[in-house]
Structures are given as C-alpha cells and as structure tokens.
Amino acid sequence: QVQLVESGGGLVQPGGSLRLSCAASGSIFSINTMGWYRQGSGKERELVASVTSGNTTNYADSVKGRFTISRDNAKNTVYLQMNSLKSEDTAVYYCNAYLKTTYMYPVGRNYWGKGTLVTVSS
C-alpha cells in the first residue's frame, strides 16, 4: 500500500505565505514526478506545479513567481512554498505522485493524497 499525506493548509490573509508538505510512504520502489493540484469551489482540478526526479519543475502561469515546488528524495516528500497568496488561490490542494511500488514494478501509476484546504481571506 502507498499513502500520500498532505499537511500545512489553513487560513491565511491575502499577501501571506503557507508551506504545504506531502510525504509518500509504503512499498515504494521509485518516484518519478511529484506535484500539486488544486480544485476551487465549482472548478475543475488543475495542475499547480510539478517536479521530476531530476528536479525539472513546471508551474501553472497563475502561480509563476509566487509558488516554489521542491522535493526531498531521501524523505519521499514534496513541498510547495506559496507566497503572495491571493483570494483566487483558495482551493483544496492535492498531492500527486507517479511512482512504482515494490510489488507492481515495473508498472507505475498515479497516486493521490486526500487534500488539504487553503483559504486566503481577510
């Protein structure tokens, strides 16, 4: 079994900062891409940022220059530093990882966390 557990969400004022963390655990053989998605109320889930095992990053245009994604491969953890938050960043943020388990190797698949709520409001 594999679990992705997010933490760090909460209420923050516009212009503030939050740092999200997501730790993957279980029978993991290797992790390729890790990323963050978000889904606002009444909206579709969208990619926020992703990072490959080689540290190549990708960002949605709406967060470029404000958010930074990073990962610690030794800890199977991905982070999202969110600065200059805006009300439109309010959403449930989901962690995603494309990984291979020890029991299904070499087949890989996507795994999702349960989400953490980020609310940007004064």
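Hydrophobic clustering (ILVMFWY, side-chain heavy atoms < 4.5 Å, transitive): L11 and L85 are in distinct clusters. Each of V63 and Y94 belongs to its own hydrophobic cluster when Ile, Leu, Val, Met, Phe, Trp and Tyr are linked at side-chain heavy-atom distances under 4.5 angstrom. Cluster annotation: V92 is not connected to L4 through the hydrophobic network of ILVMFWY side chains, with a link wherever side-chain heavy atoms come within less than 4.5 Å. Under the 4.5 Å side-chain heavy-atom criterion for grouping Ile, Leu, Val, Met, Phe, Trp and Tyr, V5 is not connected to L20 through any hydrophobic cluster.
Closest of all the heavy-atom pairs between N55 and R71 is OD1-CG, 3.8 Å. The minimum heavy-atom distance between S21 and W36, with the atom names listed, is O-CH2, 3.5 Å. Between G16 and V12, the shortest heavy-atom contact is CA-CG2, 3.8 Å. Across all non-hydrogen atoms, the minimal contact from T33 to S50 is CG2-CB, 3.9 Å. P14 approaches S121 most closely through the heavy-atom pair CD-C, 3.6 Å.
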**OP:** Tell me, with the steps shown, if V48 and L80 meet side chain to side chain contact (heavy atoms under 4.5 Å, CB included).
**Re:** CA-CA 9 Å; V48 176; L80 186 68; 4.2 Å; yes
**OP:** Could you walk me through whether T101 and Y111 pass the side chain to side chain contact (heavy atoms under 4.5 Å, CB included) test, one step at a time?
**Re:** CA-CA 11 Å; T101 62; Y111 290 82; 3.5 Å; yes
Subject >> I28/N76 under side chain to side chain contact (heavy atoms under 4.5 Å, CB included): CA gap, chis, key distance, verdict >> reply: CA-CA 9 Å; I28 298 170; N76 289 338; 3.9 Å; yes
Subject >> N73 and I31: CA distance, side-chain angles, deciding distance, side chain to side chain contact (heavy atoms under 4.5 Å, CB included) verdict >> reply: CA-CA 8 Å; N73 291 327; I31 303 178; over 6 Å; no
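In this structure, the side chain of T90 engages the main chain of V120 through a donor-acceptor pair within 3.5 Å. A donor-acceptor contact shorter than 3.5 Å links the side chain of E6 to the backbone of K114. The closest donor-acceptor contact from the side chain of R45 to the backbone of Y93 lies at 3.5 Å or more, if one exists at all.
Atom-to-atom distance recorded for T68:OG1 and N83:CG is 6.5 Å, nearest 0.5 angstrom. Within the model, atoms CG of L99 and CZ of F29 stand 12.0 Å from one another, a figure rounded to the nearest 0.5 Å. Rounded to the nearest 0.5 Å, atoms OG (S62) and CD (E88) are 8.5 Å apart. Going from atom OG of S17 over to atom CD of Q81 covers 5.5 Å, rounded to the nearest 0.5 Å.
Inspection of the D72 and T77 side chains reveals no N or O donor paired with an N or O acceptor under 3.5 Å.
Applying the side-chain hydrogen bond (donor to acceptor under 3.5 Å, both in side chains) rule to D89 yields the partners R38, R66; only residues at least two apart in sequence or on another chain are considered. With sequence neighbours left out, K64 forms a salt bridge (charged side-chain N to carboxylate O under 4.0 Å, His left out) with D61. Residues passing the ring pair (Phe, Tyr, Trp, His ring centres under 6.0 Å) test with Y37 are W112, sequence neighbours excluded.
When the shell of 6.0 Å around CD of Q3 is examined, it contains 12 or fewer heavy atoms from other residues, nucleotides or ligands.
A cation-pi geometry, defined here as NZ or CZ lying under 6.0 Å from the six-membered ring centre and within 45° of its normal, holds between R19 and Y79. A cation-pi contact, defined as under 6.0 Å to the ring centre and within 45° of the axis, is absent between R109 and Y98.
Between V78 and V51 there is a side-chain heavy-atom pair separated by less than 4.5 Å.
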